[in-house]
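Just follow the structure's listing: the first ligand is 1, and inside any ligand the first atom is 1.
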Amino acid sequence: MKAAVVRAFGEPLVIEERPDIEPGPGQVRVRVEASGLCHTDIHAARGDWPVKPDPPFVPGHEGVGLVEALGVGVTHLSVGQRVAVPWLGKACGRCEHCLSGWETLCEQQVNTGYGCDGGHAEKMLAWADFAQPVPDGVSPFDAAPLTCAGVTTYKALKVADVKPAQLVAVSGVGGLGHLAVQYAKIAGATVAAIDVTDEKLRLAAELGADIVIDARKENVGEVLKRHGGAHAAIALAVNDAAFEAANSGLRRGGKLVMVALPAHGTVRLPIFDTVLNGTSVIGSIVGTRQDLAEVFRLHAAGRTRVVSEIRPLESVNESIDAVLRGEVEARIVFDLGSGR
Ligand SMILES: NC(=O)c1ccc[n+]([C@@H]2O[C@H](COP(=O)([O-])OP(=O)(O)OC[C@H]3O[C@@H](n4cnc5c(N)ncnc54)[C@H](O)[C@@H]3O)[C@@H](O)[C@H]2O)c1
Ligand SMILES: [Zn+2]
Ligand SMILES: [Zn+2]
């Protein structure tokens, strides 16, 4: 089977033929149809973060496909069923985080495409309890971006506790941001979308953003303050300064939700303003299985639109360059031979 492999950090991925894989107990083998390219895959391939994967590895945590083999003990999935395999490949199920609805904080978790091989391949293994059934009528090409970009931003808005009549700033309208705009609108908020390219700002407006802010030309904090200041700012741009700009546009009591993970990212927050204004800074990492089920349900009900560009896996290195140059409208999804 064909896979895109990171052999060494910072080097182009290599398309390789790999031997077939057998599911272990509690696992399934998935014949991947579609696999979304998340900016996290790029961080993984470059070794950007303090905790690094171990090359060689196959990135990809937006893999969607059909179950083709069941490991021992798997009874709730069946061969031929369509599933999505998210970043949260597995969690322990016993720790305080797992037991209190925060399995995304489990210290024993294994991350797909990082701690084990991921979806940028014709076949992959998944732990059956964490493979999310995809509802009928949701295409694998839509399900793929929802599996990380969707669930992560849906969760970030839950963490921000967004309410109708609030102003939500979405900083960075990429793969994640284009869905964040839609979830914030579904929550009833007024949405200010911030980016640095005309195409992304145009897309944000098309998806329902009420205010668009071009961070190249405008002072983000000032514009947000002119609208009363944001109740929540969701930081999705891979740029330290964008976090600071979004933070400067919060109203009193506002929340900065940190989601993007720039390499060696650090943010300087003014202590005086943070104390005086009672603002908070919250980190948010992906979402739970329940969050993903809700994201799929919303999409099946026609409430969200996934904007994607479908490409062959062989384009992986050009695709990474296109994301880094900001030339992708929202999400690239690799077609792993879906037969479409
Ligand atoms: N916390 C989590 O659970 C989680 C999950 C998925 C992804 N991520 C991280 O989120 C980040 C975004 O991922 P993505 O796939 O959406 O990336 P992306 O490249 O598709 O989107 C980033 C967007 O930010 C915009 N941008 C760049 N500089 C900007 C600036 N100064 N101000 C405003 N916008 C700016 C870009 O034009 C682009 O539209 C990555 O760092 C990724 O690793 C985190
Ligand atoms: Zn991701
Ligand atoms: Zn746990």
Residue part near ligand 1, for V220, under 4.0 Å between non-hydrogen atoms: neither
Polar atom proximity, T197 to ligand 1 (N or O, under 3.5 Å): no
For atom 32 (N) of ligand 1, closest protein heavy-atom neighbour: A242 CB, 3.8 Å
Ligand 1 atoms in contact with V323 (distance to a heavy atom under 4.0 Å): 19 (O)
Closest approach of any protein heavy atom to atom 16 (O) of ligand 1, naming residue and atom: L176 N, 2.9 Å
W102 six-ring face occupied by K158 cation (under 6.0 Å, within 45°): no
Sub-3.5 Å N/O-N/O distance, V259 and ligand 1: yes
R331 to ligand 1, any heavy atom closer than 4.0 Å: yes
Any N or O of L236 closer than 3.5 Å to N or O of ligand 1: no
Test applied, side-chain contact (heavy atoms from CB on, under 4.5 Å); reference residue, L203; option that passes from D195, T197, V307: V307
Under 3.5 Å donor-acceptor, E244 side chain and A241 backbone: no
Selection from T152, V151, T153, L201 by shortest heavy-atom distance to atom 5 (C) of ligand 1: T152
Protein residue, atom and distance nearest to atom 20 (O) of ligand 1, heavy-atom basis: G175 N, 2.9 Å
Backbone N/O of P86 and side chain of H61: donor-acceptor pair under 3.5 Å: no
Sub-4.0 Å heavy-atom contact, S284 with ligand 1: yes
A241 near ligand 1 by a heavy-atom separation under 4.0 Å: no
Heavy-atom nearest neighbour in the protein, as seen from atom 21 (O) of ligand 1, with distance rounded to 0.1 Å: G174 CA, 3.3 Å
Pairwise distance CZ(R268) to CG(D240) - rounded to 0.5 angstrom: 11.5 Å
Sub-4.0 Å atoms of ligand 1 with respect to non-hydrogen atoms of A237: 24 (O), 26 (N), 29 (C), 33 (C), 34 (N), 35 (C)
Minimum-distance protein heavy atom relative to atom 37 (O) of ligand 1: D195 OD1, 2.6 Å
Sub-3.5 Å N/O-N/O distance, V196 and ligand 1: no
Plane angle bin for W49 and H43 - parallel if under 30°, tilted between 30 and 60°, otherwise perpendicular: tilted
Short N or O distance, V286 and ligand 1, threshold 3.5 Å exclusive: yes
Every N, O or S from the protein that is nearer than 2.8 Å to the Zn ion (ligand 3): C92 SG, C95 SG, C98 SG, C106 SG
Shortest protein heavy-atom distance from atom 14 (P) of ligand 1, along with the residue and atom involved: H39 CB, 3.6 Å
N/O donor-acceptor pair under 3.5 Å between E309 side chain and R331 backbone: no
Single hit among V168, V191, I186 for side-chain contact (heavy atoms from CB on, under 4.5 Å) with V162: V168
P55 backbone acceptor or donor facing R7 side chain under 3.5 Å: no
Atom CG of L276: over 12 foreign heavy atoms under 6.0 Å: yes
Contact check, G326 vs ligand 1, heavy-atom distance below 4.0 Å: no
Exam field: side chain D142 to backbone S139, donor-acceptor pair closer than 3.5 Å: no
Numbering as shown, the atoms of ligand 1 that approach W49 to under 4.0 Å (heavy-atom distance): 43 (O)
Check: Q81 side chain, L77 main-chain N or O, donor-acceptor pair, under 3.5 Å: no
Under 3.5 Å: donor-acceptor pair, side chain of H178, backbone of G175: yes
H39 near the Zn ion (ligand 2) via N/O/S, less than 2.8 Å: no
cation_pi(R311, F334) dist<6.0 Å, angle<=45: no
Per-atom contacts of ligand 1 with C148, taking only distances under 4.0 Å to non-hydrogen atoms: 5 (C), 6 (C)
Test item: D291 side-chain N/O and K155 main-chain N/O as donor-acceptor pair under 3.5 Å: no
Under 3.5 Å: N/O of A215 near N/O of ligand 1: no
Main-chain N/O of D273 paired with N277 side-chain donor or acceptor, under 3.5 Å: yes
Residue portion contacting ligand 1 (non-hydrogen atoms closer than 4.0 Å) for N239: side chain
For atom 42 (C) of ligand 1, closest protein heavy-atom neighbour: T40 OG1, 3.4 Å
Protein heavy atom at shortest distance from atom 10 (O) of ligand 1: A260 CA, 3.3 Å
Element-labelled atoms of ligand 1 that are located less than 4.0 Å from some non-hydrogen atom of V173: 39 (O)
Distance in Å, H299 NE2 paired with Q182 CD, rounded so as to fall on 0.5 Å steps: 9.0 Å
H120 (side chain) donor-acceptor with V58 (main chain) under 3.5 angstrom: no
Atom CZ of R216 with >12 non-hydrogen neighbours under 6.0 angstrom: yes
